[in-house]
Every structure is written in C-alpha cells, then in structure tokens.
K.L.:
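The following block contains the structure, expressed as structure tokens.
All chains are named by letter (A, B, ...) in the order of the sequence lines, taking the proteins before the strands, and each is independently numbered beginning at 1. Keep in mind that this is a model prediction, so the values were computed, not measured. Side chains included, hydrogens not; waters and symmetry mates left out as well; all remaining heavy atoms used.
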There are 2 protein chains.
Amino acid sequence: MSSVTVIRGDSAPRMRAEDRRELVLEAATAVFGERGYVGATTDAVAKAAGVSQPYVVRMFGTKEALFLAVLERALQRLLDTFRTAIASPGSAEDLNHRIGVAYVDLLSDRGLLLSLMHAFVSGADPVIGRAARRGFLQVYRVLRHEGGFDPEEARSFLAGGMLLNTLVGIRMADDYDDPDARELIDSVAPTKAEFLVRISRTPR
Amino acid sequence: MSSVTVIRGDSAPRMRAEDRRELVLEAATAVFGERGYVGATTDAVAKAAGVSQPYVVRMFGTKEALFLAVLERALQRLLDTFRTAIASPGSAEDLNHRIGVAYVDLLSDRGLLLSLMHAFVSGADPVIGRAARRGFLQVYRVLRHEGGFDPEEARSFLAGGMLLNTLVGIRMADDYDDPDARELIDSVAPTKAEFLVRISRTPR
DNA sequence: GTCTATAGGGCGATAGAC
DNA sequence: GTCTATCGCCCTATAGAC
C-alpha cells in the first residue's frame, strides 16, 4: 500500500497523480469553505496546493466539477463519521450525544462543513443545488434509517448542527469575550466550547 | 437561473429618490438572497430594479456598501417582527410559538432571510463578517433580554431557525415528493409546511 | 438625479511546450 | 503529468453628458 503522507512545497519530490489529486481536494476544501463557491478562485486553490492554476482546471475539467468533488468528499467523511458513531458501543439513549461529539470533532477539518454550508445556501444553482439537496437528504436518511432517530430527534439534531455550522461560519468565536456570545457558544457546545473557540477563531 | 422579478418598467412614472432607493434595496435583497454577495452582480440588481447599473453603484458607493445596507434593512425587519410578537397578547409559554410563526411569515419576503444566511457564512470577510456577527448577536439579545428566553430556549429557537433557513436556501421543497424530504419539511414547520413549500419551491 | 460609454482588473479556460 | 503564456469574458467603478 502506498503512503498517504502529504508532501508539499516546490522542492517536494514528485508524487503520484492520485495523491496530488487528493492534495488539491484538501486545499480546495479549505478555500471553498473560506470564500464560498463563487468567491473562491482556482488560483487560490492552486497556490494552496502548490500547483499551477491551469493544472487545477485540467485535473477536474471545470471549477464547478472541482466544487462537486469537494462536496462529494466532504459528504462521505460526514457519513462515515456518523456511521462509525452509530456502530460504536453505547446505549441507544446515548447515541445522540455520541454523534454530536463526532460532529463537533469533524470541525477540526477546517472547511469541510463550511463547504457544505456554502452549498446549502446555493439551492438556486441547478447543478450545485441538486447535489446539495441529495447530500442533505442522505444525511437525514442515515440518521432516520440507520441511527434509529425518530423524525423529531433527527430534526432537532440537524437544527443543532446548522446552528453550530452557522456560528463557525460567522466566526462567532472572535467575539468570545462578549458575554452573550460566550453564553451562546457555551450552550451550543457545552463540553466542547473551548475546542470550538480554538479551531474556529480567526487567527490574529 | 435568475427568477428575480422586475419591479418597475421603463415606462413607470418618475418617483422620489428616496422611494427609488427603497426600490433598489428591495431588488438587491432578492438578488443577494438568490446568488449571495459575491455571486450577485450590480447589473442584476439594476435590471431587477429597472435602473442603470452605474446608478446602483452611485447610490450606495460600492457593492459592499449596498450589501451592508441590505443586511441592515433585513435585520431591522427581523427585530421588528420579533418585538411585535413579544408585545402581542398571549401567555409566556406561548411566546416561542408566536415568534416561530412570525419568523416563518418573514420568509414570504423572499431573499430577506437568505441574504442574512449568506452573510452568516461570510465570517472570513472582515467587513461583512463583523456586520453579520453584530446582527446575529442582536437577535440573540432580543430573545434573551426582551423575550425572556433562557439560554437553552434561545439556542433551541435559533437552531430551528437556522435549519429552516437552510431548507429554504437549499430549495428542499423542490423534493417535496420525496417521502424523507416531506417528513423533514413537515417536522420543521408542522403548521406551515404547505406555506413553506409554496414560497420556497423553485418556479417551474 | 439618471443615463451611456468605457476604463481597468480579475478570473476561468485553452494552447502548446517539455 | 505539469508548466508558462495568454485569450476573452465579465464585472465594478469612473467619466461625463443631459
């Protein structure tokens, strides 16, 4: 088996094309998460991955196809995480908490959930909108039909997830010294607030 | 892909500049809600308002200033709606429901909540991010300090609102014939599902 | 106050060398 | 497989007439 280690930089040794593709997808996830589909440029993705801009386009055909690949990869990670939490030992009553913790941990992959959020507000785009709806429904189905959530449990879990994503997207942790902001963040992720602030605060 | 209606035709009578400004803000709210801050063009706003593109820029200085004006107007409407619901007669236990109904009714102003959502995922932009955080916190404060919500009630209400916004942004109503999509929409807006579908489905 | 014309810059995509 | 060079479009903003 080949190593998955990421080697980056102009002086890095040649790497397999497949690895380079994964490297570009990682970089693209970060850039799309930060600036959104329209705001992200293929040049920014290229610079973040250490390759040339035309090569990024060559690899995926179009910027839209690249974004769809980012979404597909993000969705698979999300579903994998949920399925792992569902299969992990523990009582059924505890499942909600286990999935919730797993979800917050996903945030450490900066850009992953934010790329999904950007897709979720792009329903007006026919291609991206269709992919976004399909992905969202797939998450709902895993909760309902594999996790055993009833409709209200699934709704409540997704609602909390959307609020969490929104607080990360809006960089609410930047205002953590505001008492109301602090109270809100603490109520959203009681056992993970410090973690949340650390990974989602804008670097100073 | 744009379905933004032209509010005023070329042959419309002359109107006061102040009214024209409000007209442009209305059009901009719809366009920004549909395409987001980066994806929206000042030309699309101009066409939707029936004025020339340079005039739109002239009126607000920059596209960014226009978007900030749209956000400010949307936030004021949101806060007004909440305060009206808080002041309306009814038991304290019922307030959550009254504000929720008022919130769903706000969705009939297509673009208003979606423009806010686009701002909420733009925390990485220094100017827009700051405005978005300030607006979000203002909503939280009204719920907590004027509506008498405790932290958990406020969190839960905001979470439901974010999920609702997401379902509208993703155009989930387009999949209303899917059993899972239908179940999800019904659980989010039990008494308003039909209304929600009507106003948020993509025109065929 | 509102328009037409256009400058100026950025970005996705293509061509073609190596 | 990967790069450099560049085309052509689109979009914001400015200039200036009416």
Side-chain angles (χ1 to χ4, degrees), chain A residues 2 6-28 31-32 34-70 118 122 124-125 127-128, chain B residues 1-2 4 6-28 31-32 34-70 118 122 124-125 127-128:
Chain A
S2 72
V6 167
I7 301 170
R8 214 217 111 192
D10 289 344
S11 60
R14 211 167 188 71
M15 61 197 319
R16 298 201 357 249
E18 192 183 331
D19 293 342
R20 185 138 291 184
R21 187 188 160 93
E22 172 62 19
L23 185 66
V24 170
L25 277 177
E26 247 178 72
V31 174
F32 280 126
E34 190 107 337
R35 309 196 202 171
Y37 170 57
V38 195
T41 66
T42 55
D43 191 53
V45 172
K47 282 189 167 57
V51 299
S52 71
Q53 178 268 331
Y55 186 41
V56 170
V57 175
R58 262 294 170 92
M59 242 186 288
F60 294 89
T62 62
K63 175 179 161 179
E64 182 179 73
L66 170 60
F67 188 57
L68 291 176
V70 164
H118 280 288
S122 304
D125 182 298
V127 177
I128 293 168
Chain B
M1 142 182 151
S2 145
V4 176
V6 172
I7 295 173
R8 187 215 139 213
D10 287 343
S11 59
R14 210 166 188 72
M15 61 197 319
R16 300 206 346 257
E18 194 182 329
D19 293 342
R20 185 140 291 183
R21 188 187 159 93
E22 171 62 19
L23 185 66
V24 170
L25 278 176
E26 245 177 73
V31 174
F32 281 126
E34 190 109 336
R35 310 197 201 170
Y37 169 57
V38 195
T41 65
T42 54
D43 192 52
V45 172
K47 283 191 167 58
V51 299
S52 72
Q53 179 268 330
Y55 187 40
V56 170
V57 175
R58 263 294 171 89
M59 243 186 288
F60 294 89
T62 63
K63 174 179 162 178
E64 184 181 70
L66 170 60
F67 188 56
L68 291 176
V70 164
H118 280 288
S122 303
D125 181 299
V127 177
I128 293 168

K.L.:
Of all the heavy-atom pairs spanning A/Phe60 and A/Ala69, show the shortest one and how long it is.
P.N.:
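Smallest interatomic distance, heavy atoms only, reads CE2-CB, 4.0 Å.
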K.L.:
Among D/dG16, C/dA13, C/dG1, find the nucleotide with the atom closest to the side chain of A/Val57.
P.N.:
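That would be C/dA13.
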K.L.:
Atom CZ of B/Phe32 and atom P of D/dC11: how far apart are they, to the nearest Å?
P.N.:
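Interatomic distance, CZ of B/Phe32 to P of D/dC11: 13 Å.
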K.L.:
From CD of B/Glu64 over to C1' of D/dT12, roughly how many Å is that when rounded to an integer?
P.N.:
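Rounding to the nearest Å, CD of B/Glu64 and C1' of D/dT12 are 13 Å apart.
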K.L.:
When rounded to the nearest 0.5 angstrom, what distance separates NE2 in A/His118 from OG in B/Ser122?
P.N.:
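Reported to 0.5 Å precision, the distance equals 6.0 Å.
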K.L.:
Could you state the CE-P distance from A/Met59 to C/dA13, rounded to the nearest angstrom?
P.N.:
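To the nearest whole Å, that distance equals 14 Å.
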K.L.:
What's the CG-P distance between A/Leu23 and D/dG1, to the nearest Å?
P.N.:
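So the CG-P distance, A/Leu23 to D/dG1, works out to 15 Å.
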K.L.:
Could you check whether B/Lys63 makes a cation-pi contact with B/Phe32, meaning its NZ or CZ is under 6.0 Å from the centre of the six-membered ring and within 45° of the ring axis?
P.N.:
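Judged by the rule, B/Lys63 and B/Phe32 form no cation-pi pair.
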K.L.:
Testing B/Leu25, B/Val45, B/Val31 for side-chain contact (heavy atoms from CB on, under 4.5 Å) with B/Val70, which one passes?
P.N.:
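Answer to the side-chain contact (heavy atoms from CB on, under 4.5 Å) test with B/Val70 among B/Leu25, B/Val45, B/Val31: B/Leu25.
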K.L.:
Could you state the NZ-C1' distance from B/Lys47 to D/dC11, rounded to the nearest angstrom?
P.N.:
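Interatomic distance, NZ of B/Lys47 to C1' of D/dC11: 12 Å.
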K.L.:
What residues form a side-chain hydrogen bond (donor to acceptor under 3.5 Å, both in side chains) with B/Asp125, not counting sequence neighbours?
P.N.:
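With sequence neighbours excluded, B/Asp125 shows a side-chain hydrogen bond (donor to acceptor under 3.5 Å, both in side chains) to no residue whatsoever.
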K.L.:
Could you check B/Thr62 against B/Arg58 and say which one's nearest nucleotide on DNA chain D is further toward the 5' end?
P.N.:
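Going by which nucleotide is closer to the 5' end, it is B/Thr62.
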K.L.:
Quickly work out the A/Glu18 CD to D/dG1 P distance and round it to whole Å.
P.N.:
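In whole Å, D/dG1 P and A/Glu18 CD are 11 Å from each other.
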K.L.:
Measure all distances between protein nitrogen or oxygen atoms and nitrogen or oxygen atoms of nucleotides 4-11 of chain C, and list the pairs falling under 3.5 Å.
P.N.:
none

K.L.:
Taking only residues two or more places apart in sequence, or in another chain, which ones meet B/Thr41 in a side-chain hydrogen bond (donor to acceptor under 3.5 Å, both in side chains)?
P.N.:
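B/Thr41 satisfies side-chain hydrogen bond (donor to acceptor under 3.5 Å, both in side chains) with no other residue.
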